[in-house]
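Here the structure is laid out as structure tokens; the discussion comes afterwards.
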Amino acid sequence: MAIQIYNTLTRRKEPFVPLEEGKVKMYVCGPTVYNYIHIGNARPAIVYDTVRRYLQYKGFDVKYVSNFTDVDDKIIKAANELGEEVSELTERFIKAYFEDITALGCKKADVHPRVTEHMDEIIEFIKVLINKGYAYESQGDVYFRTRKFEGYGKLSHQSIDDLKVGARIEAGEKKEDPLDFALWKAAKPGEIHWSSPWGEGRPGWHIECSVMARAHLGDTIDIHAGGQDLTFPHHENEIAQSESYTGKLFARYWMHNGYINIDNEKMSKSLGNFVLVHDIIQKIDPQVLRFFMLSVHYRHPINFSEELIESARSGLERLRTAYSNLQHRLKSTTNLAENSELYLEKIDELKKQFEKEMDDDFNTANGISVLFELARTSNTYVNETNTDEKVLKAFIETFEVLSGVLGIKLAVEMEILDEEIEKLIEERNIARKNRDFKRADEIRDQLLSMNIILEDTRQGTRWKRGS
RNA sequence: GGCGGCUUAGCCAAGCGGUAAGGCACGGGUCUGCAACACCCUUAUCACCGGUUCGAAUCCGGUAGCCGCCUCCA
């Protein structure tokens, strides 16, 4: 069964068939680097990282490209305010971006192209659009002539006339039509600029993605993804530019993720409820954040609140515990179990179930519920009198593979305890054997105050760090 | 005004015509010296009204409420 992807272009789920068999060309709109990313930026990073991981799991060779917008109005403004060079500022936040998404369990893209590194190609691209009559120069700016492109509005499913009603007419209009958008903007005095046939200036926002996608992935790409708000105008404009340039379909599947709200309100600067990843991961385990985001379907809105994060934390903890229960039981497995086949079959069944859910437009929420079922099954198994190493390892491997697809790590770092603590645990076990429960409880409390939680199982005492 | 989405148990959330997954919290029980972990059990007819159908949370029409895009935005 093929993967089904909801395609914004057709507003339907479609079987995913890449242009070139076995290979996927994927482009994800990346951040404008003028600040730390907020959790709203983190969602596409996590969601499409997961899409990529699943495609790879299914055997596709994925080329994943995600850009940095490293020159634009907001960047220039921020650099001016901080008295910093544009390049210094962007370099700083690109570095921070990698730190943040790495913490969130996202792999780097195969290519992270930057606008400033594609200036020649951008200028060349615009020249062609002008030559073809799709763009025109106006007082040092260059605009795209939207009415010239027949398919304008096909992604956002709006007719060009409906769009026009809502379009804002800017003061000092240099456009032929309000819906035309800038490909090139003349530099204001003192602004960073590049030389072009139309004078000193810099690229408009939309052109960069058209150029960089083509430069790194070719004329037609398989999956183009980004936040829902990019559908219009950003992606609509990309389509207009690229298809006018190449005469070919730009992207075959368009994926758009939903928004994040904070305490049921839209995250916005005016409300002052921006949550930066950089800040929040000081307080919340970034893995919990990832788990939380994947527990909701990517196209649906998600609400962010401490209460919901706490609930996600408990859920992830349950999976981690199940995983460590298996590891722990491995040390005392009897290998006398007679029901191995039954469990191996169940594991296989759950694995298939997971794939079925993920095949359905990357339903990570359901994928996670399969992990919970795997946990319940393995917890039951771990408590059997006899276990089989083969089965324990199959459980462990399945946990690793499936959670790996979601980019979730279940293994908790088990640092070596100091000798003193080891001795206390040992002393407590002796006390318990002698039924000196007072001393035993004393030691347990003492360790608890050191954030070490003890659990007595039939196979011995084990410990873990509190969270 | 145009386009689109949402409304499922205390909270979160799946569901895409065949009779309500899963998680968190709560309560009861088993396990345990006690706990923790774990396991078992218990908890909803799906905003409302009408229609189509043998059968609807799921399709159609309408009502109400919430939200997004149409302007920089993930």
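All values below were derived from every heavy atom in this structure, side-chain atoms included, with hydrogens, water molecules and symmetry-related copies excluded. Just so it is clear: chains get the letters A, B, ... in the order the sequence lines come, proteins before strands, and each one is counted from 1.
- A cation-pi contact links A/K108 to A/F98, judged by a cut-off of 6.0 Å to the six-membered ring centre and 45° from its axis.
- With rounding to whole Å, A/I75 atom CD1 is found 13 Å from B/C72 atom C1'.
- Counting only N and O atoms by type, the side chains of A/Y259 and A/N261 include no donor and acceptor under 3.5 Å apart.
- Using a 3.5 Å distance cut-off with no hydrogens or angles, the side chains of A/D388 and A/S340 do pair a donor with an acceptor.
- To the nearest angstrom, P of B/G68 lies 12 Å from CG of A/D229.
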Pairwise N/O distances under 3.5 Å, protein to nucleotides 30-34 of chain B:
from: B/G33; atom 1: O6; to: A/R432; atom 2: NE; distance (Å): 3.4
from: B/G33; atom 1: N1; to: A/D441; atom 2: OD1; distance (Å): 2.9
from: B/G33; atom 1: N2; to: A/D441; atom 2: OD1; distance (Å): 3.3
from: B/G33; atom 1: N2; to: A/D441; atom 2: OD2; distance (Å): 2.6
from: B/C34; atom 1: O2; to: A/R444; atom 2: NH2; distance (Å): 2.6
from: B/C34; atom 1: N3; to: A/R444; atom 2: NH1; distance (Å): 2.9
from: B/C34; atom 1: N3; to: A/R444; atom 2: NH2; distance (Å): 3.1
from: B/C34; atom 1: N4; to: A/D456; atom 2: OD2; distance (Å): 3.3

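- Here the P atom of nucleotide B/C72 and the CZ atom of A/F181 are 11 Å apart, to the nearest Å.
- Residues A/E238 and A/Y27 bring no donor and acceptor atom of their side chains to less than 3.5 Å of each other.
- Of the candidate nucleotides B/C72, B/C70, B/G2, B/C72 has the atom lying nearest to any side-chain atom of A/W205.
- Listed by residue number, there are no residues of residues 345-354 of chain A with a heavy-atom contact under 4.0 Å to RNA chain B.
- Between the P atom of B/A38 and the CD atom of A/Q459 lies a distance of 15 Å, rounded to the nearest Å.
- For the residue pair A/H38 / A/N41, a side-chain donor-acceptor distance below 3.5 Å is found, with atom types taken as modelled.
- Of the listed nucleotides (B/C11, B/C73, B/C70), B/C11 has the atom at the smallest distance from the side chain of A/L308.
- Atoms CZ (A/R313) and P (B/C11) sit 21 Å apart, rounded to a whole Å.
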Dot-bracket for RNA chain B, 5' to 3', Watson-Crick and G-U pairs with both distances under 3.5 Å, [ ] for crossing pairs, | for partner on another strand, reads ((((((((.[[[..)..(...]]]..((((.......)))).....[[[[[..)....]]]]])))))))....
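- Between the side chain of A/K74 and the base of B/C73, no donor-acceptor pair under 3.5 Å is found.
- Using a 4.0 Å cut-off on heavy atoms, the residues of residues 322-333 of chain A that approach RNA chain B are A/N325, listed by number.
- Taking only side-chain atoms of A/V296, from C-beta outward, the nucleotide of B/C69, B/A13, B/C16 with the closest atom is B/A13.
- A sub-4.0 Å separation between OP1 or OP2 of B/G15 and a side-chain N or O of A/N363 is present.
- If you check the side chains of A/T231 and A/S156, you find no donor sitting under 3.5 Å from an acceptor.
- Set against B/C39, B/A74, B/G68, the side chain of A/K266 has B/G68 as its closest nucleotide.
- Across residues 97-111 of chain A, not one residue has a non-hydrogen atom less than 4.0 Å from an atom of RNA chain B.
- Of the P atoms belonging to B/G18 and B/C59, the separation is 12 Å, rounded to the nearest Å.
- Per the geometry, CG belonging to A/N35 stands 11 Å off P belonging to B/A74, to the nearest Å.
- Between B/C69 and A/Y259, a contact under 4.0 Å exists linking OP1 or OP2 to a side-chain N or O.
- Looking at heavy-atom distances under 4.0 Å, A/G40 makes contact with a base.
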Heteroatom pairs (N/O) under 3.5 angstrom, protein to nucleotides 21-29 of chain B:
none

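- Residue A/F399 holds its CZ atom at 13.0 Å from CD1 of A/I408, rounded to the nearest 0.5 Å.
- Remark on RNA chain B: of its neighbouring residues A/G226 and A/D360, the 5'-side contact belongs to A/D360, judged by nearest-heavy-atom nucleotide.
- Atom C1' of nucleotide B/C66 and atom NE2 of A/H300 are separated by 15 Å, given to the nearest angstrom.
- Taking the six-membered ring where the residue is Trp, A/F250 and A/W254 present tilted rings, their angle falling between 30° and 60°.
- One finds no side-chain N or O of A/N257 lying less than 4.0 angstrom from the OP1 or OP2 phosphate oxygen of B/A74.
- Rounded to a whole angstrom, the distance from the C1' atom of B/C67 to that of B/G29 is 44 Å.
- The CD1-P distance, from A/I260 to B/A13, rounds to 12 Å in whole Å.
- Side-chain contact of A/Q446 with A/E442: a donor-acceptor pair under 3.5 Å is absent, judged by distance alone.
- Side-chain N/O atoms of A/R329 and A/N383 include no donor and acceptor closer than 3.5 Å.
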